[in-house]
Amino acid sequence: MAPIRVMVVDDHSVVREGIRSVLGDPAAFEVVGEAASAAEAISRVRDWRPDVIVLDVSMPGGSGIHAVPELLERAPKSHVLMLSVHEDAEYVLESVRAGAHGYLRKDSTPAELRTAIASVHAGDGYYSPQLAAVLANALRGGPAPAPASQPPRATDVLTAREIEILTHVAEGMTNREIGTALGISTRTVEAHRDSLMRKLGIRTVAGLTKLAIEQGLIGSN
């Protein structure tokens with residue numbers, strides 16, 4: 001299997017070097033480029049063709065969050081993992097709306113960074129546990145500074161497949177029944193189910209059903 005091609009965008013050279021060092025296994029990861037600003041990243045992303053863009057949220061001269069749509073327009077096959085010292089719901093939600101596939105704190109362990117990169121590359125997304133809890137609270141109507149015209153929804157953090165599985169779980173289907181309905185294995189259903197529960201911070205079927213009703217995925221009857 002080819003290594004995951006990673007582009008690192010951060011205005012601090014020591015951070016970029018640290019990430020390069022953490023991703024030291026050439027069989028698993030290849031750092032194909034580094035950029036010190038959002039503008040530089042946008043100008044080089046087509047050349048580097050990264051699988052995953054590790055992108056700092058706050059940089060001089062332009063927000064990493066605001067750069068996400070243009071980066072994905074220029075490199076539609078890439079996935080974006082935001083890296084930040086901020087854990088406010090505002091930053092996490094804004095990143096999700098911009099198109100980011102994951103959000104990780106800068107004080108995360110090297111192992112978690114590698115896991116997060118592999119996860120977003122696989123299309124599953126990744127949010128560190130404390131951030132997943134913040135995001136889930138906002139999605140359930142807790143304090144979140146999101147604009148009233150764009151209320152947070154579960155669909156902001158779930159993949160299309162996870163939404164399908166969430167809907168079927170809320171409808172009372174077993175993992176085996178869901179797998180049969182979607183044409184995938186029971187083990188794959190379990191993996192998606194674990195992922196969506198982690199993202200939403202909800203571990204019970206009752207909690208998932210309540211959220212699915214609140215989000216309009218299923219009826220209340």
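The shortest side-chain heavy-atom distance between V6 and I4 falls under the 4.5 Å cut-off. With contacts defined as side-chain heavy-atom distances shorter than 4.5 Å, the pair V32/P50 qualifies. Here the side chains of Y91 and Y103 are in contact, with some heavy-atom distance below 4.5 Å. By the 4.5 Å heavy-atom criterion applied to side chains, V189 and L182 are not counted as neighbours. Between M7 and V45 there is a side-chain heavy-atom pair separated by less than 4.5 Å.
Distance alone, capped at 3.5 Å, places no donor-acceptor pair between the R44 side chain and the A35 backbone. Between the side chain of E177 and the main chain of T174, a donor-acceptor pair closer than 3.5 Å is present. Listed for the S119 side chain is no donor-acceptor partner under 3.5 Å among the backbone atoms of T115. With hydrogens and angles disregarded, a donor-acceptor distance shorter than 3.5 Å links the side chain of H101 to the backbone of V80. Between the side chain of S21 and the backbone N or O of E17 there is no donor-acceptor pair closer than 3.5 Å. R193 places no side-chain N or O within donor-acceptor distance of the main-chain N or O of N175, the cut-off being under 3.5 Å. A donor-acceptor pair under 3.5 Å links the side-chain atoms of E40 to the main chain of A36, judged by distance alone. Between the side chain of T209 and the backbone N or O of V205, at least one donor-acceptor pair lies under 3.5 Å. With S63 contributing its side chain and S58 its backbone, the two residues share no donor-acceptor pair below 3.5 Å. A donor-acceptor pair is defined here as one N or O able to donate and one able to accept, closer than 3.5 Å; no such pair exists between the side chain of R74 and the backbone of R46.
To the nearest 0.5 Å, the span separating CD1 on I53 from OG on S78 amounts to 4.5 Å.
Salt bridge R114/D25: absent, no basic N to carboxylate O contact under 4.0 Å. A salt bridge does not link R16 with D56: every distance from a Lys NZ or Arg NE/NH1/NH2 to an Asp or Glu carboxylate oxygen is 4.0 Å or more.
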Apply side-chain contact (heavy atoms from CB on, under 4.5 Å) to S195 and E162, showing your working. CA-CA 8 Å; S195 176; E162 287 169 347; 2.7 Å; yes
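In terms of hydrophobic clustering, with Ile, Leu, Val, Met, Phe, Trp and Tyr side chains grouped at heavy-atom distances under 4.5 Å, V85 and I19 are assigned to different clusters.
For H192 and E164, the side-chain atoms include no donor-acceptor pair closer than 3.5 Å.
No more than 12 heavy-atom neighbours from other residues, nucleotides or ligands sit within 6.0 angstrom of NZ on K210.
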